[in-house]
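Shown next, in structure tokens, is the structure this report addresses.
The sequence lines fix the lettering, A, B, ..., with proteins before strands; numbering per chain opens at 1. A quick note: this is a predicted structure, and the numbers were derived from the prediction, not measured.
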Protein chains: 2
Amino acid sequence: MATSTVENYIKQIYLLQQNTSGERVSVGKLAAMMGVVPGTATSMVKALADSELVEYEPRAGLRLTRGGEQLALHVLRRHRLVELFLVNVLGLDWSEVHEEAEDLEHAISDKVLNKIDAYLNSPQFDPHGDPIPSARGKVPDMECRSIADCPVGRSFRISRITDQDSKFLQFAERNGLTPGVTIRITDRNSEADAVTIHVSGRRVMLGTSAATKILVEDKAARTR
Amino acid sequence: MATSTVENYIKQIYLLQQNTSGERVSVGKLAAMMGVVPGTATSMVKALADSELVEYEPRAGLRLTRGGEQLALHVLRRHRLVELFLVNVLGLDWSEVHEEAEDLEHAISDKVLNKIDAYLNSPQFDPHGDPIPSARGKVPDMECRSIADCPVGRSFRISRITDQDSKFLQFAERNGLTPGVTIRITDRNSEADAVTIHVSGRRVMLGTSAATKILVEDKAARTR
DNA sequence: ATAATAATTTTGAATGCTCAAAATATAGAG
DNA sequence: CTCTATATTTTGAGCATTCAAAATTATTAT
Ligand SMILES: [Mn+2]
Ligand SMILES: [Mn+2]
Ligand SMILES: [Mn+2]
Ligand SMILES: [Mn+2]
């Protein structure tokens with residue numbers, strides 16, 4: 001029913017809402033993320049509002065409706081299951097699957113999706129640690145903060161990388177910074193804008209903006 | 001580069017050319033197969049001619065160029081590898097994969113396609129016995145005729161089912177009529193418009209129009 | 001409060017694909 | 001050779017998506 005353009009907009013709105021923790025999304029931000037001119041976003045948003053996928057207050061911004069959120073979660077489920085399948089079964093690199101999934105997420109039927117889900121044993125997280133919404137739209141919760149604001153001296157488990165850029169993912173992999181890995185934060189220097197961590201022997205230094213993209217949780221936590 | 005609409009048209013033109021063994025395809029036939037109104041096909045064909053994918057002689061018909069044929073073979077390769085993957089790896093039924101592949105064929109990158117090909121060990125035929133063009137556009141040749149015009153009394157191996165309709169495929173499967181299976185043609189009655197065959201003990205009667213859809217080859221032939 | 005600035009919306013136009021219906025060409029029947 | 005049935009093309013229009021550029025509104029600085 002929904003075109004892939006609509007699915008992409010809705011997914012992006014969902015992701016923007018996540019960052020700004022629930023506030024209304026601005027048309028400008030949306031346009032920027034979608035790589036379109038602002039006027040294009042405006043007219044698209046009007047169409048989405050007509051289909052009752054978003055609530056739209058001209059000049060104030062927009063927010064997903066319940067239906068919009070469900071669609072977003074369904075797209076995200078397809079995207080992330082596909083990513084995991086490509087990595088675990090077909091052996092693609094985690095740095096390249098995001099692009100692939102960007103197209104496949106619109107072409108996978110529920111029938112195939114369920115087979116993939118079963119094949120992978122109903123996983124909860126994708127290769128980047130992103131939560132995979134369930135078929136009913138439940139998102140596995142994960143309480144985690146970024147390396148950028150973790151106390152020095154403690155150990156953590158990497159749970160998620162929040163940047164799909166393939167250069168960054170390759171860098172992370174080269175340095176052993178992948179979900180599940182245990183790291184120890186050994187130093188933070190706010191003047192130098194950097195954090196030092198230890199990961200399996202190695203010492204790695206990260207600038208704050210890179211550190212922000214790596215989320216961790218307490219050593220004790222989750223089964224993954 | 002090519003939209004999925006263009007890919008679908010080009011693929012369909014290729015398939016029509018196969019049937020009519022190389023003659024020019026008429027716009028009307030194409031429109032019918034694509035499920036569009038004739039005028040739509042005319043304007044699409046003009047666009048395809050502008051992109052040099054077909055040679056078009058108004059009112060006389062059209063034919064794929066070399067480039068068009070290559071595109072068709074590439075789409076067909078994706079379609080058929082996907083079908084086989086869905087059946088062999090994800091366990092979908094052969095009667096349902098055609099529909100699935102119809103969308104996926106446009107969303108699979110070469111990178112993923114190569115992984116699938118390797119995973120399946122570079123197969124030559126899909127679940128319906130359709131030949132899978134190689135990455136370089138070579139089509140595995142198969143010399144086969146339909147059950148409808150095979151001599152009575154001899155044995156053959158089923159090599160291909162040329163009908164994607166899921167009801168027909170389910171019927172075929174129920175009666176053990178799948179590629180690789182050996183059958184024996186025991187009777188033909190042109191008045192009754194029917195053929196009788198034996199397949200693993202069972203006796204099956206087929207009307208000519210059904211028999212035409214099942215292709216066989218000499219018992220001796222091919223490694224599959 | 002006014003003016004400058006930034007964000008947003010509107011307008012007008014293009015592209016790709018489609019349909020309905022009218023116009024035209026072609027082939028076969030008489 | 002003329003008429004008619006059939007296939008094909010043309011015309012005019014709509015939908016989804018996009019851009020460029022102009023118009024409008026909201027925000028901020030003075
Ligand atoms: Mn996408
Ligand atoms: Mn991911
Ligand atoms: Mn298709
Ligand atoms: Mn097939």
Using nucleotides 2-4 of chain D, report all nitrogen or oxygen pairs with the protein that are shorter than 3.5 Å.
none

Would you check if A:His98 and A:Ser166 make a side-chain contact, meaning some heavy-atom pair closer than 4.5 Å? no
Can you list the residues that meet the side chain to side chain contact (heavy atoms under 4.5 Å, CB included) rule with A:Ser4, with sequence neighbours excluded? A:His106
Using the test salt bridge (Lys or Arg N to Asp or Glu O under 4.0 Å), find all partners of B:Arg80 that sit at least two apart in sequence or belong to another chain. none
Kindly state each residue pair satisfying side-chain hydrogen bond (donor to acceptor under 3.5 Å, both in side chains) with at least one member in residues 9-19 of chain A, sequence neighbours excluded. A:Lys11-A:Glu102, A:Lys11-A:Glu105
B:His74: what forms a ring pair (Phe, Tyr, Trp, His ring centres under 6.0 Å) with it, not counting sequence neighbours? none
Determine the minimum heavy-atom distance between A:His128 and A:Trp94, stating which atoms define it. NE2-O, 3.0 Å
Rounded to whole Å, CE of B:Met44 lies from P of D:dT9 at a distance of 15 Å
Please set out all donor-acceptor pairs under 3.5 angstrom arising from side-chain atoms of residues 40-53 of chain A, sequence neighbours excluded.
{"residue": "A:Thr42", "atom": "OG1", "partner": "A:Pro38", "partner atom": "O", "Å": "3.3"}
{"residue": "A:Ser43", "atom": "OG", "partner": "A:Thr40", "partner atom": "O", "Å": "3.1"}
{"residue": "A:Ser51", "atom": "OG", "partner": "A:Ala47", "partner atom": "O", "Å": "3.0"}

More than 12 foreign heavy atoms under 6.0 Å from CE of B:Met33: is that the case here? no
Would you call A:Pro127 and A:Leu84 a side-chain contact if the rule is heavy atoms closer than 4.5 Å? yes
Using a 4.0 Å cut-off on heavy atoms, which residues in residues 7-19 of chain B reach DNA chain C? List them by number, or say none. B:Tyr9
Apply salt bridge (Lys or Arg N to Asp or Glu O under 4.0 Å) to A:Arg77 and list each qualifying residue two or more places apart in sequence or on a separate chain. A:Asp117
Chain A on DNA chain C: first and last contacting nucleotide, 5' to 3', under 4.0 Å to a heavy atom? C:dA7 to C:dT10
In whole Å, I'd like the distance from the CG atom of A:Asp50 to the C1' atom of D:dT17. 15 Å
By side chain to side chain contact (heavy atoms under 4.5 Å, CB included) - contacts of A:Met205 (at least two apart): A:Ala194, A:Thr196
Once side chain to side chain contact (heavy atoms under 4.5 Å, CB included) is applied, do any residues pair with B:Glu96, and if so which ones, sequence neighbours excluded? A:Lys111, B:Leu92, B:Asp93
Nearest heavy-atom neighbours spanning B:Ala60 and B:Arg24: O-NE, 3.9 Å
In residues 27-43 of chain A, which ones come under 4.0 Å of DNA chain C, going by heavy atoms? A:Val27, A:Gly28, A:Pro38, A:Gly39, A:Thr42
Interatomic distance where NZ belongs to A:Lys46 and P belongs to D:dT17 [whole Å]: 15 Å
Spacing of B:Arg59 atom CZ relative to D:dT8 atom C1', expressed in whole Å: 4 Å
